[in-house]
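Working notes for the structure below.
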Amino acid sequence: LPAHVAARSSDVAGWDQGPPVTAGPFRLGRWVSGRSVTLIADPGFWGSPAGAERVEVDFVPDPTTAIQLLAQGVIDAVAPMPGVSWGRRLDAVPGVSVSEALGPDLVHLVLRTDAVPEVEVRRGIVDAIDRGRLVEVALRGEAVAAEGVVASQQPEAVPAWSGYGDGPPPPEATVDELDLVYVRAELTDLVARYLQAELHRAGLDVELVPLDSDVFHGIFLPERRFDLAVVERRTGPSPELWPWVEVDGAAEPLTGLADAGLADLAAAVASGDAEALGRAQRRLAG
């Protein structure tokens with residue numbers, strides 16, 4: 001950044017929404033596509049210096065391989081992965097400590113509204129899924145049911161949902177088959193199969209479309225090539241609501257929904273209204 005913008009690190013202390021340009025404490029070193037990325041500490045970084053001289057990030061194909069490499073000492077740390085019994089398997093590795101300080105990992109079922117245009121059918125689809133059984137039986141302690149549109153661990157979370165999974169089966173839909181797309185992984189495979197079975201029991205035909213991560217995030221989500229999608233979002237301490245409903249016209253949301261009232265609440269949140277975020281969560285849940 002030019003000196004007149006940020007001559008000292010204190011000049012950027014107020015950029016809590018993110019600076020317009022930043023390099024971060026590391027420079028990109030060697031990059032082997034699909035295999036690894038090496039980060040090298042940048043001595044010219046304007047903030048606090050990096051805590052390590054070099055970090056190599058290896059991409060591994062599945063959670064089982066990651067845990068094996070960790071147990072053998074080939075790697076020093078693993079990032080969260082959507083693996084079955086992931087937490088218990090990590091706890092079983094001698095000498096490993098587990099941190100949950102980086103924020104919750106949310107798994108959303110997203111319905112594209114123009115694929116399922118009837119509101120009562122969309123509500124019926126949601127009601128047909130027994131989330132309690134998914135969490136308590138299929139995932140067996142690896143998850144908790146969210147009672148709102150953001151994770152309950154976040155301080156600003158509002159319990160805006162209740163009673164889902166207890167309603168009647170959905171009415172007969174005008175669609176013959178729904179495509180459910182998701183990133184191919186241990187946990188998402190399990191969740192997708194569970195959703196398929198629940199919706200089949202409710203009279204809906206669902207075809208599973210497992211995809212590689214780059215195809216899912218690079219093509220299917222932005223081009224909205226799905227009827228239903230299982231979307232995993234790793235969040236920080238602040239809730240994010242706006243990917244689901246259009247609020248500023250800048251980009252079409254995943255669901256296809258637009259809501260002027262939510263746009264007003266988004267503006268109020270940005271202006272610092274402490275209560276607007278709670279109202280936005282309730283409105284979005286509805």
List in chain and number order the residues that pass side chain to side chain contact (heavy atoms under 4.5 Å, CB included) with Val137, two or more places apart in sequence or in another chain; answer none if no residue qualifies.
-> Arg133
Report the hydrophobic cluster partners of Val57, with the cluster defined as I, L, V, M, F, W, Y residues connected by side-chain heavy atoms closer than 4.5 angstrom, directly or transitively.
-> Phe26, Leu28, Trp31, Val37, Leu39, Val55, Phe59
Under the side-chain hydrogen bond (donor to acceptor under 3.5 Å, both in side chains) test, which residues partner Asp227, sequence neighbours left out?
-> Arg112
Contacts of Glu232 that satisfy side-chain hydrogen bond (donor to acceptor under 3.5 Å, both in side chains) - sequence neighbours left out | Arg234
With Asp214, which residues qualify under side-chain hydrogen bond (donor to acceptor under 3.5 Å, both in side chains), at least two apart?
-> none
Residues 63-85 side chain polar contacts: donor-acceptor under 3.5 Å, at least two apart:
from	atom 1	to	atom 2	distance (Å)
Thr64	OG1	Arg89	NH2	2.7
Thr64	OG1	Glu186	OE2	3.2
Thr65	OG1	Asp62	OD1	3.1
Thr65	OG1	Asp62	OD2	3.1
Ser85	OG	Arg88	NH2	2.9

Sequence neighbours excluded, which residues qualify as side chain to side chain contact (heavy atoms under 4.5 Å, CB included) partners of Val183?
-> Ser213, Phe216, His217
Applying side-chain hydrogen bond (donor to acceptor under 3.5 Å, both in side chains) to Asp91 and not counting sequence neighbours gives none
Using salt bridge (Lys or Arg N to Asp or Glu O under 4.0 Å) as the criterion, list what pairs up with Arg193, not counting sequence neighbours.
-> none
How would you list all residue pairs meeting ring pair (Phe, Tyr, Trp, His ring centres under 6.0 Å) that involve residues 106-153, not counting sequence neighbours?
-> His108-Trp244
Keeping to residues at least two apart or across chains, list the salt bridge (charged side-chain N to carboxylate O under 4.0 Å, His left out) pairs with something in residues 202-213.
-> Arg184-Asp212
Partners meeting salt bridge (Lys or Arg N to Asp or Glu O under 4.0 Å) with Glu223 (sequence neighbours left out) | Arg225
